[in-house]
Amino acid sequence: MTPPQQAAASHLDGPALILAGPGSGKTRVITRRVAWLLVNGIPSWQVLALTFTNKAAGEMRERIDALLPDSMSNRRGLVVSTFHAFCARQLRTHAEHVGLEPGFSIYDTADQRSAMKEALNLANLDSGNWTPASMLSAVSNAKNELKNAELFEQEASDFYTRSVARAFRAYEGILQRNNAVDFDDLLLRTANLLRTNPEVRSQLQDRFRYVLIDEYQDTNHAQFVIADAIASAHGNLFVVGDPDQSIYGWRGADVGNILEFEEKYPGTLIIPLGRNFRSTGHIVAAASGLIQNNRRRKHKDLHTELGDGEPVRLCYCQDERHEAEQVAEAVRAAAARGVEYREMAVLYRVNALSRVLEDSLRGAGIPYVIARGTAFFARKEIKDALGYLRALSNPVDDVALSRIVNVPARQIGSRTLKAVERHALHRNLSLGAALEEAGEVEGLGARAVKSVGAFVGSFQRWRSILLNGHLAQLPGFVAQVITESGLEAMHLGSGDEDGLDRVANLNELVSAAAEFEMPAEEREGGDADGDSMEAAVPSLEEALRAFLESIALVSDQDAVDQSQGAVTLMTLHAAKGLEFELVSMVGLEEGLLPHARSHEGEHELEEERRLCYVGMTRSKSALHLSLAASRTIRGQRTRTVPSSFLGELPEEHLEVERLDGSGEFEDDYSIEYDPEFAEPSRGGGSGGFASRFPAGTVVRHPQFGIGTVQSISPRGTVSSARVSFHGIGTKTLILEYARLERVHGS
DNA sequence: TGGCCGTGACTTTTT
DNA sequence: GTCACGGCCA
């Protein structure tokens with residue numbers, strides 16, 4: 001280890017901030033420091049290490065294991081967990097203090113959407129003007145800042161925020177009735193629990209005397225409050241991160257947490273790790289050249305001693321097919337040189353780009369995997385099966401129950417369901433409870449009552465198995481529900497290949513249940529001191545809860561498995577923290593990287609630049625950047641503009657290859673920025689835009705919602721407008737690209 | 001009640 | 001290209 005690494009890894013007490021550039025060995029430092037603490041006699045159960053993905057947590061656990069001498073095999077109680085899993089666990093343990101039942105559901109985006117739709121109905125907000133997505137993002141932003149519905153309502157002053165507050169309140173009501181939380185709630189409710197409950201707080205403070213946080217630049221305010229609440233008692237907070245790799249600002253991450261760490265924790269030991277052990281010289285220099293264009297940044301030099309290596313290759317291709325073929329060709333060439341497939345990755349800004357790449361890799365006979373851990377669980381058949389399991393685990397989860405009550409079709413159609421829902425509302429019952437008294441529901445025919453009765457019968461039978469079983473029965477139980485619910489038969493019956501695939505997926509879910517291991521902390525029962533408690537065998541109910549929770553909290557990155565002999569395809573976001581010999585980044589075009597949605601502000605553009613930086617620095621020895629002169633976007637062939645980031649890469653580290661034929665990219669440039677060309681449907685020229693949205697116009701933006709135009713100013717061939725959005729603030733938008741709509745009545 | 005078909009709206013990144 | 005929804009018919 002280098003002296004700075006050594007200093008960081010052997011730090012014992014007090015706050016520490018490790019500014020770790022890409023490839024500077026930060027995982028190494030964290031794992032060594034944990035091992036150091038344990039070797040120095042700190043009991044393992046006093047250490048808490050928090051990460052963002054399960055994969056990172058798992059790797060950290062393994063590497064700590066490998067570092068510890070055999071004589072220290074007892075690491076009982078050491079908690080290495082993701083933030084979200086840690087919070088979920090706290091909420092289950094202290095459920096009674098937060099007004100939840102321990103079997104609460106964790107809603108994913110789809111569940112949130114249906115809950116919000118219902119909330120908009122309840123709040124009498126027309127979903128034409130108030131889309132579930134925009135409401136959810138407003139709610140999510142509020143929660144990340146630790147504002148719950150009441151607080152938000154108190155602060156709501158204008159029409160827009162008051163409407164959001166109504167939706168927010170209705171949405172919270174639904175979650176509460178369904179004994180459910182969303183992702184943001186895991187953090188929000190834990191933070192509030194720690195703030196308002198001194199006993200729980202001091203319990204956690206007493207237990208976790210040493211707190212470590214990885215990827216600290218991506219923490220949001222809620223996460224800061226949680227970590228601070230635990231660490232404030234002793235100040236032993238050790239954080240590792242890199243402001244230049246902050247790429248989750250859109251999700252509420254607050255770079256301020258890392259930039260202002262030393263102010264919040266006086267006496268912080270700050271150690272910058274600038275030496276890169278991963279990449280060769282040209283790659284480091286090119287990436288550094290790029291990131292230096294960011295203004296809001298702590299200056300920090302990155303250097304390598306691995307020699308110059310190969311220059312970064314920049315390839316101009318004709319279209320996305322051609323680009324994908326170049327990628328496949330580069331992969332083949334690297335493989336021929338002896339590089340293993342698992343040491344190669346293809347990175348893109350948006351998932352939609354993976355398709356062409358898959359086609360061309362498949363065509364070339366190159367094995368590949370797509371890093372989308374969430375994709376499997378998002379499949380219809382899997383969501384259905386999980387719907388059953390969730391409804392069984394948490395019988396008041398109406399969102400889950402209504403999803404599956406008539407899948408497969410069992411004569412409980414929309415009319416019946418409406419009637420039962422009305423009954424539930426009147427009697428203040430959950431949907432499940434209302435189904436149980438179907439006989440008393442007004443307007444239900446004998447046939448419907450009978451169908452409902454049959455369903456309720458199966459449901460209760462499963463439920464009693466669940467309540468009486470134990471851990472080992474989990475896979476059998478999952479299989480039983482899949483079979484007896486008729487899900488399996490439904491897909492088998494369809495007879496086509498699709499149906500067989502779905503059955504195979506359902507079987508894979510059973511395998512996942514069989515391979516599922518209860519987290520060690522969970523088995524130890526309490527959070528008190530390490531020894532003395534012999535683990536009781538978890539009940540089937542507890543096992544199912546833990547299984548469902550682990551599924552709810554999977555990330556795309558968890559699916560990255562470099563032990564497979566395959567090239568990995570993934571988004572730039574999912575690539576963070578990983579490294580490969582060969583990295584191909586595709587689609588370096590304006591609108592893609594930087595993404596079109598980021599053209600609206602300096603902060604957003606800088607985040608895109610950091611994203612590009614993260615991608616480039618994944619590469620150890622070969623970095624290929626490419627772009628296509630034209631690309632098919634939703635069926636339409638479109639000319640592209642090279643990414644403005646390309647001009648920021650120092651030329652001496654590049655090797656440019658022009659396979660697009662003409663070499664006329666630059667000449668096309670002026671045409672592309674002509675708004676008439678970019679948006680042919682709108683016509684009328686830029687003057688038209690400016691006159692259509694004079695200052696004072698009330699407008700709607702697809703992302704920011706309702707706002708008022710403050711001023712218009714010409715900007716070359718286009719016009720930029722300052723628009724103040726309710727509850728969001730003022731944004732500078734290019735009228736020609738911002739897809740603004742006038743709101744009637746203004 | 002259930003399944004089929006057409007339309008149209010929307011496409012960033014994710015714990 | 002993709003999904004979600006509404007309308008229509010058996």
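The figures that follow rest on heavy atoms only: side chains count, while hydrogens, waters and symmetry mates do not.
Cation-pi geometry between Arg609(A) and Phe645(A) is not satisfied (NZ or CZ under 6.0 Å from the ring centre, within 45° of the ring normal).
As rounded to whole Å, 13 Å separates atom C1' of dT14(B) from atom CG of Asp182(A). The CG atom of Leu136(A) sits 15 Å away from the C1' atom of dT15(B) (whole-angstrom rounding). When rounded to the nearest whole Å, the span between CD of Gln112(A) and P of dT14(B) equals 15 Å. Distance Met570(A) CE to dT13(B) C1': 14 Å, rounded to the nearest Å. Atom CZ of Phe376(A) and atom P of dT14(B) are 19 Å apart (whole Å). To the nearest angstrom, P of dT13(B) lies 11 Å from CG of Leu572(A). dA4(C) atom C1' lies 19 Å from atom CE of Met116(A), rounded to whole Å. One interatomic measurement links the two molecules: CZ of Arg372(A) to C1' of dT13(B), which rounds to 10 Å at whole-angstrom precision.
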## Note on the structure
Encoded 5' to 3' (Watson-Crick or G-U under 3.5 Å; [ ] crossing; | other strand), DNA chain B becomes |||||||||......

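Rounding to the nearest 0.5 angstrom, the gap separating the CD atom in Glu59(A) from the CD1 atom in Ile30(A) is 12.0 Å. Put simply, CG on Leu569(A) and OG on Ser354(A) are 6.5 Å apart, with the number rounded to the nearest 0.5 Å.
We find that Glu607(A) and Arg610(A) are joined by a salt bridge, their nearest charged nitrogen and carboxylate oxygen being less than 4.0 Å apart.
For an aromatic pair to be called close, the ring centres must be under 6.0 Å apart, and His573(A) with Tyr248(A) satisfies this.
Listed by chain and number, the residues in a ring-ring contact (aromatic ring centres under 6.0 Å, His included) with His322(A) amount to none (sequence neighbours excluded). The ring-ring contact (aromatic ring centres under 6.0 Å, His included) search around Phe547(A) returns Phe516(A), not counting sequence neighbours.
Side-chain contact between Asn178(A) and Tyr107(A): present, with at least one pair of heavy atoms (C-beta onward) separated by less than 4.5 Å. Contact annotation: the side chain of Tyr388(A) approaches that of Leu487(A) to within less than 4.5 Å [non-hydrogen atoms, C-beta and beyond].
Across all strands shown, Phe183(A) has heavy atoms under 4.0 Å from base atoms, whether or not it also approaches the sugar-phosphate. Backbone-only engagement by Arg410(A) is indicated by non-hydrogen atom pairs under 4.0 Å involving sugar-phosphate atoms exclusively.
An aromatic stack links Trp250(A) and the base of dT13(B), using centre distance under 5.5 Å and interplanar angle under 30°. Residue His573(A) and nucleotide dT13(B) are not classified as a stacked aromatic pair, given the requirement of ring centres less than 5.5 Å apart at an interplanar angle below 30°.
Distance noted for atom P between dT13(B) and dA4(C): 16 Å (whole Å).
The side chain of Thr571(A) contributes an N or O atom lying less than 4.0 Å from OP1 or OP2 of dT14(B). Between Arg597(A) and the phosphate of dT12(B), there is a side-chain N or O to OP1/OP2 separation shorter than 4.0 Å. The shortest distance between the side-chain N/O atoms of Thr82(A) and the OP1/OP2 oxygens of dT15(B) is not below 4.0 Å. Within the structure, every side-chain polar atom (N or O) of Thr53(A) is placed at least 4.0 Å from both OP1 and OP2 of dT15(B).
Among all heavy-atom pairs drawn from Ala628(A) and Glu323(A), the shortest one is N-OE2, 4.2 Å. Counting all heavy atoms, side chain and backbone alike, Val420(A) lies closest to Leu431(A) at CG1-CD1, 4.0 Å.
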Using nucleotides 5-10 of chain C, report all nitrogen or oxygen pairs with the protein that are shorter than 3.5 Å.
| residue | atom | partner | partner atom | Å |
| --- | --- | --- | --- | --- |
| dC5(C) | OP1 | Lys117(A) | NZ | 2.1 |

Report, one line per pair, each donor and acceptor closer than 3.5 Å where one atom sits in a side chain of residues 447-454 of chain A; sequence neighbours left out.
| residue | atom | partner | partner atom | Å |
| --- | --- | --- | --- | --- |
| Arg447(A) | NH2 | Gln411(A) | OE1 | 3.1 |
| Ser451(A) | OG | Arg447(A) | O | 2.9 |

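In this structure, Asn406(A) and Leu553(A) both approach DNA chain B, and ranking their closest nucleotides by distance from the 5' end singles out Asn406(A). Residues Thr416(A) and Tyr248(A) both approach DNA chain B. Their nearest nucleotides, taken by heavy-atom distance, put Thr416(A) toward the 5′ side.
A heavy-atom distance below 4.0 Å to DNA chain B is reached by these residues of residues 349-357 of chain A, ordered by number: Arg349(A), Val350(A), Asn351(A).
When atom types are taken as modelled, the side chain of Glu606(A) and the backbone of His603(A) share no donor-acceptor pair closer than 3.5 angstrom.
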